Amino acid sequence: MVVNAYVFETRGGALLQQVEPSDLQWSENANQAETIDITFNLKAEAEGARDWRNLGTPWKHSIAVDVNGRLEGGPILPHDFADANGTLKMTARGGRILFSRRSILPPAALTTPLVLPTGAPDTTLDSAWSGLDYGTIAKRIGQQACAWPGCTDLPIVWPADRTGTREKSYDAIERKKVDDAWADLSALQHGPDIRMRLEWDGPDRFRWVFETGTEAQPRLQGLDVFDWEVGSDGSGLTVQRDPSRMASLAWSEGGRSDDTTLVRSLYDPTLIDSGFPLLEIETEASSNIVDPDTLDAWNAETLRTAKKPWEFWSFNVRADQTPFPYEYGPGSLINVIVTEDTPVTGGYVPPGTYPRRIAGLSGAISDWITVTCGEVYDD
């Protein structure tokens, strides 16, 4: 078995106990907090002897899952206990989930009202960064959040600043959530992947490493491109095609933050020229955006991946064989190989070598990992 589970302190990262789950499901997707669904049998001697009411304290304590060197985990959230069969079910999320409950505000906002006596917003509490790349702006947003009480001892390793030409500002009165801002930055044209990667910090402590893509390489990917042959050794290939994001005309609307209306569109005739009907799509740009160039970037990024159905392939790989789980992850480039000797049923995927990018990983208490991958959109 290549999976081990632990409980640790969210603040400080100190290891509390190694635990023995009876069932476990984990998943990790790009630019999201990973999810761990874990079950303990309290009728078993080892787990029944633990003080789970305290050991499983939500937010204060975290779960870590070590999958043959790849760590997933973060704060414990809901509990579901059933006395009839003695099962205790918990869900934990990756460390990034902490920032879904944090606003982009300086620590001064703890003691300073966001609104002046006149009723106008206090703009001295606004946050703005410039002369950096998007990844460093994301880092600065996180560091500001960690300057508040209860966060200064979160075990996070922050990278060095990178200079650039990007700038972003956030109005204090909006109280935009940090994680939402990170997701927006990743969704921009050439926006960076952003993740908090859990790792060991010595033999009895955990920490998160904050990582982002760069201007030159927005995707977080390893140096190696691994090959996996599907159709053999129980790979269990599945293919999902989703045409809901196909479009030739993208729309973005903003201006709300300064009481104006700003609408921008972008047209790409590629699908029309190939015989498709006209399809429109609304981007996920914030309605508070007041910069036309930012809305244009949202339109361009949306249409960049709208020329064909989103297609996701999933297959199973061994976690106890090379390449090992710590060598790849969401963002990594891979080659999926279909051979004449191990064809896909009905030729749905013809023999060939298909470049793909890992979109997510998932697993359980087993020696197998499910790899989900999508198209490579780097043009």
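The first residue in the sequence is number 1, and the count goes up from there. Note that the structure is predicted; figures quoted are calculated from it, not measured.
The aromatic rings of W310 and F312 stand perpendicular to each other, their planes meeting at an angle above 60°, with 30° marking the opposite boundary. Ring geometry for W182 against F210 counts as tilted: the plane angle lies between 30° and 60°, on a 0 to 90° scale. Taking the six-membered ring where tryptophan is involved, the planes of F8 and F206 are tilted, since the angle between them lies from 30° to 60°.
In this structure, T123 and I173 have side chains that are not in contact, with every pair of non-hydrogen atoms separated by 4.5 Å or more. Residues R357 and Q221 are in side-chain contact: their nearest non-hydrogen atoms beyond the backbone lie under 4.5 Å apart. Taking the side chain as every heavy atom from C-beta outward, L237 and S314 never approach each other to under 4.5 Å. Side-chain contact check for I337 versus W228: every heavy-atom pair is 4.5 Å or farther apart. Counting only heavy atoms from C-beta outward, the side chains of I63 and V7 approach each other to under 4.5 Å. Between L16 and L55, some side-chain heavy-atom pair lies under the 4.5 Å cut-off. Taking 4.5 Å as the limit, some side-chain heavy atom of W129 sits within range of a side-chain heavy atom of Q144. Side-chain atoms of L262 and P292, non-hydrogen and from C-beta on, do get closer than 4.5 Å to each other.
Looking at every heavy atom in both residues, F40 comes nearest to E20 through CD2-O, 3.7 Å. Residues S27 and E34 approach most closely at O-CB, 3.2 Å, considering heavy atoms. Of all the heavy atoms in W158 and C146, the pair that sits closest is CZ2-SG, 3.7 Å. The shortest non-hydrogen separation linking L185 to K168 is CD2-CG, 4.1 Å. Nearest heavy-atom pair across S130 and E167 is CB-CB, 3.7 Å. Nearest heavy atom pair, residue P203 against residue L15, reads O-CD2, 4.2 Å.
At least one cation-pi condition fails for R197 and W208: the charged atom is not both under 6.0 angstrom from the six-membered ring centre and inside a 45 degree cone around its axis.
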(request) Applying ring pair (Phe, Tyr, Trp, His ring centres under 6.0 Å), run through F315 and W368 and close with a yes or a no. (result) CA-CA 10 Å; F315 56 92; W368 291 88; over 10 Å; no
(message) Please determine whether side chain to side chain donor-acceptor pair (under 3.5 Å) holds for the pair R93 and S100, giving the CA-CA distance in whole Å, both sets of side-chain angles, and the decisive distance to 0.1 Å.
(response) CA-CA 11 Å; R93 298 295 307 277; S100 70; over 6 Å; no
(request) Please lay out, stage by stage, how D227 and N335 fare under the test side chain to side chain donor-acceptor pair (under 3.5 Å). (result) CA-CA 5 Å; D227 296 344; N335 290 318; 3.0 Å; yes
(request) For the pair W313 and Y354, evaluate ring pair (Phe, Tyr, Trp, His ring centres under 6.0 Å) and give the outcome as yes or no after the intermediate values. (result) CA-CA 11 Å; W313 298 7; Y354 299 88; 5.1 Å; yes
(request) Run the numbers on T339 and D341 for side chain to side chain donor-acceptor pair (under 3.5 Å), then give the verdict. (result) CA-CA 5 Å; T339 69; D341 295 333; 5.0 Å; no
(request) Determine, stepwise, if the pair D133 / R166 fulfils salt bridge (charged side-chain N to carboxylate O under 4.0 Å, His left out). (result) CA-CA 5 Å; D133 71 358; R166 308 299 188 179; over 6 Å; no
(request) Dump the intermediate steps for side chain to side chain donor-acceptor pair (under 3.5 Å) on S252 and N299, then the final yes or no. (result) CA-CA 7 Å; S252 291; N299 287 334; 2.8 Å; yes
(request) Verify side chain to side chain contact (heavy atoms under 4.5 Å, CB included) between I97 and W59, making sure each step is shown before the conclusion. (result) CA-CA 10 Å; I97 199 68; W59 295 109; 4.1 Å; yes
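Both I141 and I156 belong to a common hydrophobic cluster when Ile, Leu, Val, Met, Phe, Trp and Tyr are linked at side-chain heavy-atom distances under 4.5 angstrom. Linking Ile, Leu, Val, Met, Phe, Trp and Tyr whenever their side-chain heavy atoms come within less than 4.5 Å leaves I334 and L223 in two separate clusters. A chain of hydrophobic side-chain contacts below 4.5 Å, direct or via other Ile, Leu, Val, Met, Phe, Trp or Tyr residues, connects I38 to I365. Residues L71 and L220 are members of separate hydrophobic clusters, defined by side-chain heavy-atom contacts under 4.5 angstrom among Ile, Leu, Val, Met, Phe, Trp and Tyr. Both V349 and V230 are members of a single hydrophobic cluster when ILVMFWY side chains are connected at heavy-atom separations under 4.5 Å.
Separating the CZ atom in R207 from the CE atom in M196 is a distance of 12.5 Å, to the nearest 0.5 Å. How far OG of S22 is from NZ of K89: 9.0 Å, rounded to the nearest 0.5 Å.
A salt bridge (Lys or Arg N to Asp or Glu O under 4.0 Å) with D179 is found for one member of R195, R96, R102, R101 and no other, namely R96. Among E28, E199, E327, the single residue meeting the side-chain hydrogen bond (donor to acceptor under 3.5 Å, both in side chains) criterion with R70 is E28. No option in D296, T283, T294, D293 other than D296 meets the side-chain hydrogen bond (donor to acceptor under 3.5 Å, both in side chains) test with R264.
Inspection of the W200 and D66 side chains reveals an N or O donor paired with an N or O acceptor under 3.5 Å. Checked by atom type, the side-chain pair R162/T212 shows a donor-acceptor distance below 3.5 Å. Judged by distance alone, the side chains of T136 and D161 never bring a donor and an acceptor atom under 3.5 Å apart.
When atom types are taken as modelled, the side chain of T112 and the backbone of A109 share no donor-acceptor pair closer than 3.5 angstrom.
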